[in-house]
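What follows is a short report on a single structure.
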Amino acid sequence: MAVSNAQAARPDVPGKLREVFVEALDLDGDVDVENLKYRDIEAWDSVGHMSLVAAIEDEFDVEFDTDQVIDMSSFKVAVDMVTDLQNK
């Protein structure tokens with residue numbers, strides 16, 4: 001049953017994650033979040049990155065390990081990471 005719940009939640013990951021990015025990084029509506037990469041914008045610096053990681057962990061009830069925090073280099077990578085963690 002847990003697997004089916006994780007799979008059911010999977011389609012919502014990009015939409016919810018987009019909201020987390022917008023809120024955590026205080027993004028304007030014109031920012032192309034889906035194609036955003038680390039340091040593309042001033043707000044996604046090292047401090048913004050840690051705030052973003054914490055916000056994602058809170059929203060999705062997941063915990064990233066150190067390598068994942070370092071490797072989270074784009075919105076697309078973050079979607080894959082969250083999806084993988086939800087499916088475990």
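Heads up: numbering here begins at 1 and tracks the sequence. Heavy-atom basis, side chains included; hydrogens, waters and symmetry copies ignored. Just so you know, these numbers come straight off a predicted model, no measurement behind them.
No side-chain donor-acceptor contact under 3.5 Å links D40 to the backbone of L36. A donor-acceptor pair under 3.5 Å is absent between the side-chain atoms of D28 and the main chain of V31, judged by distance alone. Judged by distance alone, with hydrogens and angles left aside, the side-chain atoms of H49 form no donor-acceptor pair with the main-chain N or O of R39 at under 3.5 Å.
To the nearest 0.5 Å, the span separating CE on M72 from NZ on K37 amounts to 16.0 Å. Note that CE of M81 is 11.0 Å distant from CG of L17, once rounded to the nearest 0.5 Å. Taking CD from E63 and CG from D58, the interatomic distance works out to 11.0 Å, rounded to the nearest 0.5 Å. Atom CG in D26 sits 15.5 Å away from atom CH2 in W44 (nearest 0.5 Å).
Heavy atoms only, all atoms of each residue included: S51 and A24 are closest at O-CB, 4.4 Å. For Q86 against V13, the heavy-atom pair with the smallest separation is OE1-CG2, 3.2 Å. Annotation for A55 and V20: closest pair CB-CG1, 3.7 Å, computed over non-hydrogen atoms.
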Check your understanding: Run the side chain to side chain contact (heavy atoms under 4.5 Å, CB included) check on I56 and F64 step by step: do they pass?
Key -> CA-CA 9 Å; I56 294 170; F64 297 110; 3.6 Å; yes
Point to revise | Worked verdict on Y38 versus S46 for side chain to side chain contact (heavy atoms under 4.5 Å, CB included) | key: CA-CA 9 Å; Y38 180 62; S46 58; 3.9 Å; yes
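More than 12 heavy atoms of other residues, nucleotides or ligands lie within 6.0 Å of CD in E34, so this atom counts as buried by the packing criterion. Applying the 6.0 Å contact sphere to CG of D32 captures more than 12 heavy atoms from other residues, nucleotides or ligands.
Using a 4.5 Å heavy-atom threshold, the side chains of Q68 and L85 count as touching. Proximity of F75 to N35: side-chain heavy atoms (C-beta onward) are nowhere separated by under 4.5 Å.
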